[in-house]
There are 2 protein chains.
Amino acid sequence: MSATIKDIAEAAGVSAATVSRVLGNKEGFYSQSTATRVRKIAASLDYEKNTSAVELVTQKSHVIGVIISATKTNFSDKIIEGIHAEAIRHGLSVIMLYAGQNDPQLQEQALRTLIERAVKGILVVAIELTDKNLALLQDSQIPYRFLSTSYNSNKLPSIASDDYQIGYQATRHLIERGHRKIGLVAMDTSGHIGQQRVAGYRAAMIQEALPVKDEWVKVGMYTYEDGIKAMQAFGQQPEVTAIIGASDLAAIGVLNQAMQYDIQVPKQLAIVSIDGTYLARIVRPQLTTVTQAFYEMGTLGTQMLLDQTQQTISQFTPIKIETRQST
Amino acid sequence: MSATIKDIAEAAGVSAATVSRVLGNKEGFYSQSTATRVRKIAASLDYEKNTSAVELVTQKSHVIGVIISATKTNFSDKIIEGIHAEAIRHGLSVIMLYAGQNDPQLQEQALRTLIERAVKGILVVAIELTDKNLALLQDSQIPYRFLSTSYNSNKLPSIASDDYQIGYQATRHLIERGHRKIGLVAMDTSGHIGQQRVAGYRAAMIQEALPVKDEWVKVGMYTYEDGIKAMQAFGQQPEVTAIIGASDLAAIGVLNQAMQYDIQVPKQLAIVSIDGTYLARIVRPQLTTVTQAFYEMGTLGTQMLLDQTQQTISQFTPIKIETRQST
DNA sequence: CTGAAAGCGCTTACAG
DNA sequence: CTGAAAGCGCTTACAG
């Protein structure tokens, strides 16, 4: 079908080895005259190198694999953008595979695809692997890193925000504005992230000797619907004067349900959301957020994945409070 | 490093060919007893097949390539979800590459990566290729299809919405509600999509003998900011009583700026947005939308890409009006 | 500066 | 049911 190195060699009257050297720019291993001749013929033949052959013989790959959640929250976009930007800088391509949040089968399939392809590295975005799949990944000897999942107590290399700080700072922000009864909503406390955030929240409350009622903390899966439901549970006369939403979407759910109840935001109810994606800016009132550095997670994660010396180190990306209309 | 077929062959006391047959499930070409023995050894050796070698020898690939815009509007998420769902059904993996909206260099790089990898097919999502890059794609002999870009007047295989109908129906919806002065906002009229939508809009107006002032049609790039700017241009006392936003985000821009001006939506100003992503439902008032079937674009596009007999046919996915609070 | 040769890990007619 | 052999398209010591 398409032209091979041999076709070029024949047409140019040289050996395949020479063609390979020219096309691979192995400088010093060919003369200018043959180089230009070979290049011209290659172009005229619409030659494209066969990546499979190259990868097979060189035993290395120029692609990095990314596994992301299918039911992805909207923040992963930014992470992926960051990954791509950094990958392009290094001349790598990115192969992306979706895996359900809690589907071990899909996780395994995605992992195997990447391992069979012997990718240069694997980035796992916002997914917690089962123990079995984690073992599979580790046995593969391929460098890997978790993004936006500081799970297993940082035993595994990851790039993420400090979720304890997220919970703590969101709460501090509200306490400093005079709130004493603060709710925390749509957080998944079965995972490490949710647990950390709740811990940070509790610490901030305790520090000011503020009590925390169990019903102020409402679990969920970070979704818009969980935000709505949580606000419905608080009811038209909520006991709390402020609510922290586990994600921008969850906070928007809280906001919309509050408006439905004719509760004034921020006058009667203050809202802080976590993530700080563009969603927080396009709703009215705009949401005060604990903003995560998602793009940096992508770029930094990719850099560290490629840097052999830093393979085991975990790192936090910075967070910051952006004060807007909802507090 | 990792085990090969040879290692297994040796350990099992059979030839590499037999191992290959067992692991490839070439039924009838091996006995049950050898099969189980080979499989056990393969598992114990953590064997993973080398995709490069397989692709090299079989001369075919199990991956489909997707090229998407870096500055992606939020709808492409759904398209990509659809692509992945369909790809998984067929046991294919997906390699995704970002290419800037108007960066011929990045486009070319993305295309070459895919062509060198000899992927099974290429899906171009919401991007218009330059003529040169289109030629590159066509010369590659790899099946391809454009998603959500009905460009070059349907000469190229694509799956998209009927943009003329989008413009027409959005306008009809407003006319039927009594509007006679209707604006169209943030549309990129340098592209085929924008041109078609404007044509549909004009046709609907003309059909009712309604005049169209040039300043009612404001161009843009479908962004939130373009929506804001357009509304600012209309001013606090807009001449039009209804505005069609080129995307959900653009419409939200219009909405927010209108609220800023204390213009009541929909009472004083009706708004229709195009796309119908979840954004339209999370803002208040919720937006009436012309909803596109993005997920289907992904699944259908992938199906047709893989179906040799349908390679050249373009097709529209359905659109529908979803009436909400903004009209 | 260039070529012949070996080999990357696999698949598949061909012969038995 | 199984093995020996050829070959996919490329790269790279080795020898000149």
Side-chain angles (χ1 to χ4, degrees), chain A residues 1-39 41-42 45-63 112-113 115-120 140-141, chain B residues 1-39 41-42 45-63 112-113 115-120 140-141:
Chain A
M1 187 121 76
S2 50
T4 72
I5 232 175
K6 252 195 221 152
D7 301 324
I8 299 173
E10 209 162 314
V14 294
S15 73
T18 298
V19 174
S20 172
R21 291 186 186 110
V22 170
L23 265 23
N25 292 312
K26 307 281 176 216
E27 303 194 19
F29 288 95
Y30 51 79
S31 68
Q32 268 317 309
S33 60
T34 41
T36 51
R37 189 153 38 92
V38 165
R39 293 215 178 88
I41 292 170
L45 255 43
D46 281 336
Y47 172 77
E48 301 280 353
K49 87 169 44 166
N50 180 320
T51 304
S52 293
V54 175
E55 288 187 355
L56 179 58
V57 66
T58 59
Q59 299 282 61
K60 63 183 153 194
S61 142
H62 286 130
V63 359
R112 283 203 193 281
T113 301
I115 294 170
E116 288 179 1
R117 209 162 271 282
V119 295
K120 200 177 179 62
S140 77
Q141 307 279 47
Chain B
M1 187 124 74
S2 52
T4 72
I5 232 174
K6 252 194 222 154
D7 301 323
I8 299 173
E10 209 161 314
V14 295
S15 73
T18 298
V19 175
S20 172
R21 289 185 187 112
V22 170
L23 265 23
N25 292 313
K26 307 281 175 214
E27 303 192 21
F29 288 96
Y30 51 79
S31 69
Q32 268 317 308
S33 61
T34 41
T36 49
R37 189 154 37 91
V38 165
R39 291 213 179 90
I41 292 171
L45 257 43
D46 281 337
Y47 172 75
E48 300 282 352
K49 87 169 44 164
N50 181 319
T51 303
S52 294
V54 175
E55 288 187 355
L56 179 58
V57 66
T58 59
Q59 300 281 60
K60 65 183 151 194
S61 144
H62 286 130
V63 359
R112 283 203 192 281
T113 302
I115 295 172
E116 288 179 1
R117 209 161 271 283
V119 295
K120 201 177 179 61
S140 77
Q141 307 278 48

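In what follows, every chain begins at residue 1, and chains take the letters A, B, ... in the order their sequences are listed.
Remark: B/Thr36 engages B/Gln32 in a side chain to side chain contact (heavy atoms under 4.5 Å, CB included) (not counting sequence neighbours). By the side chain to side chain contact (heavy atoms under 4.5 Å, CB included) test, A/Ala12 pairs with A/Val14, A/Arg37, A/Val38, A/Ile41, sequence neighbours left out. With sequence neighbours left out, the side-chain hydrogen bond (donor to acceptor under 3.5 Å, both in side chains) criterion links A/Ser61 to no other residue. For A/Thr113, there are no side-chain hydrogen bond (donor to acceptor under 3.5 Å, both in side chains) partners at least two apart in sequence or on another chain.
Rounded to whole Å, the distance from CG on A/Leu23 to P on D/dG9 is 15 Å. Between the C1' atom of D/dT11 and the CD1 atom of A/Ile8 lies a distance of 15 Å, rounded to the nearest Å. Counting to the nearest Å, the C1' atom of C/dT11 and the CD1 atom of B/Ile5 are 8 Å from each other. Atom P of nucleotide C/dG9 and atom CG of B/Asp7 are separated by 9 Å, given to the nearest angstrom.
The two atoms that bring A/Tyr47 and A/Ala3 nearest to each other are CD1-O, 3.2 Å, heavy atoms only. Scanning both residues, A/Ala9 and A/Ala16, for their nearest heavy atoms gives CB-N, 3.6 Å.
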Would you tabulate the pairs of protein nitrogen or oxygen atoms and nucleotide nitrogen or oxygen atoms of nucleotides 6-8 of chain D closer than 3.5 angstrom?
residue	atom	partner	partner atom	Å
D/dC8	O3'	B/Gln59	NE2	3.1

Which dot-bracket notation, 5' to 3', represents the base pairing of DNA chain D when pairs are defined as Watson-Crick or G-U with both distances under 3.5 Å, crossing pairs as [ ], and inter-strand pairs as |?
|||.||||||||.|||
CA sep, side-chain torsions, deciding dist, call: B/Asn50, A/Leu56, side-chain contact (heavy atoms from CB on, under 4.5 Å):
CA-CA 8 Å; B/Asn50 181 319; A/Leu56 179 58; 4.0 Å; yes
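Within residues 25-34 of chain A, the residues that have a heavy atom under 4.0 Å from DNA chain D are, in order of number, A/Lys26. For DNA chain C, the residues of residues 9-22 of chain B within the heavy-atom distance limit of 4.0 Å (strictly under) are B/Ala17, B/Ser20, B/Arg21, sorted by number.
Residue pairs meeting the salt bridge (Lys or Arg N to Asp or Glu O under 4.0 Å) criterion with at least one partner in residues 6-17 of chain A, sequence neighbours excluded, are absent. Applying the salt bridge (Lys or Arg N to Asp or Glu O under 4.0 Å) test to pairs two or more places apart or on separate chains, those with a residue in residues 45-56 of chain B are A/Arg112-B/Glu48, A/Arg117-B/Glu55.
Within the 3.5 Å criterion, the main-chain N or O of A/Ile115 finds no donor-acceptor partner in the side chain of A/Ser140.
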Only distances under 3.5 Å count here; give the side-chain donor-acceptor pairs of residues 17-28 of chain A to other protein atoms, sequence neighbours excluded, each with its distance to 0.1 Å.
residue	atom	partner	partner atom	Å
A/Thr18	OG1	A/Ser15	OG	3.3
A/Asn25	OD1	A/Arg39	NH2	3.1

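Spacing of C1' atoms, C/dT12 relative to C/dG16, comes out at 16 Å, to the nearest Å.
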